[in-house]
Amino acid sequence: IVEANGKPALEPGWKTALQSSASPIVANGLVFAASDDGSLNALDGVSGRKLSARDIPGKPAPSGLAAGPNTIYVATRDGALHAYGFPIEH
């Protein structure tokens, strides 16, 4: 948070190009984002660096991401739910 004119303001730490209608989620310091081209992306939450990408069958639903213990769940527009494991440490 950066003070601007005496009021708190947020400065972006990083950004990445991603075409997605699904909201990203954060789990264990990682940002997970499902893109409309059918990939699940894991980004470092501090730097924004892409750590991995996995194909998902179909387009993600707009509110289609959820996190559980070591697992990211992706709902797709065809009504399916997919589970992807991820390591505790990154």
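A continuous path of hydrophobic side-chain contacts links Leu51 to Val74 [ILVMFWY only; heavy atoms under 4.5 Å]. By the criterion of side-chain heavy atoms lying less than 4.5 angstrom apart, applied directly or through intervening Ile, Leu, Val, Met, Phe, Trp or Tyr residues, Val46 is not grouped with Ile25; the two fall into different hydrophobic clusters. Criterion: ILVMFWY side-chain heavy atoms under 4.5 Å apart, direct or through other members. Under it, Leu30 and Ile56 are part of a common hydrophobic cluster.
Atoms NZ and CG, from Lys50 and Leu18 in turn, are 7.5 Å apart once rounded to the nearest 0.5 Å. A distance of 10.5 Å separates OH in Tyr84 from CG in Leu65, rounded to the nearest 0.5 Å.
With Asp36 contributing its side chain and Ser21 its backbone, the two residues share a donor-acceptor pair below 3.5 Å. Judged by distance alone, the side chain of Arg77 and the main-chain N or O of Pro60 form a donor-acceptor pair under 3.5 Å. The main-chain N or O of Asn41 is never found under 3.5 Å from a side-chain atom of Ser39 such that the two would form a donor-acceptor pair. At distances below 3.5 Å, at least one donor-acceptor pair connects side-chain atoms of Ser20 with backbone N or O atoms of Ala34.
Contact check for Asp44 versus Trp14: no side-chain heavy atoms found under the 4.5 Å cut-off.
Contacts classified as ring pair (Phe, Tyr, Trp, His ring centres under 6.0 Å) and involving residues 18-50 (residues at least two apart or in different chains) are given here: Phe32-Phe86.
Among all heavy-atom pairs drawn from Val31 and Pro24, the shortest one is CG1-CB, 4.1 Å. The shortest heavy-atom contact between Ala67 and Ile72 is CB-CD1, 3.9 Å.
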Criterion side-chain contact (heavy atoms from CB on, under 4.5 Å) on Gln19 and Asp37, from CA distance to verdict: CA-CA 8 Å; Gln19 184 70 28; Asp37 68 0; over 6 Å; no

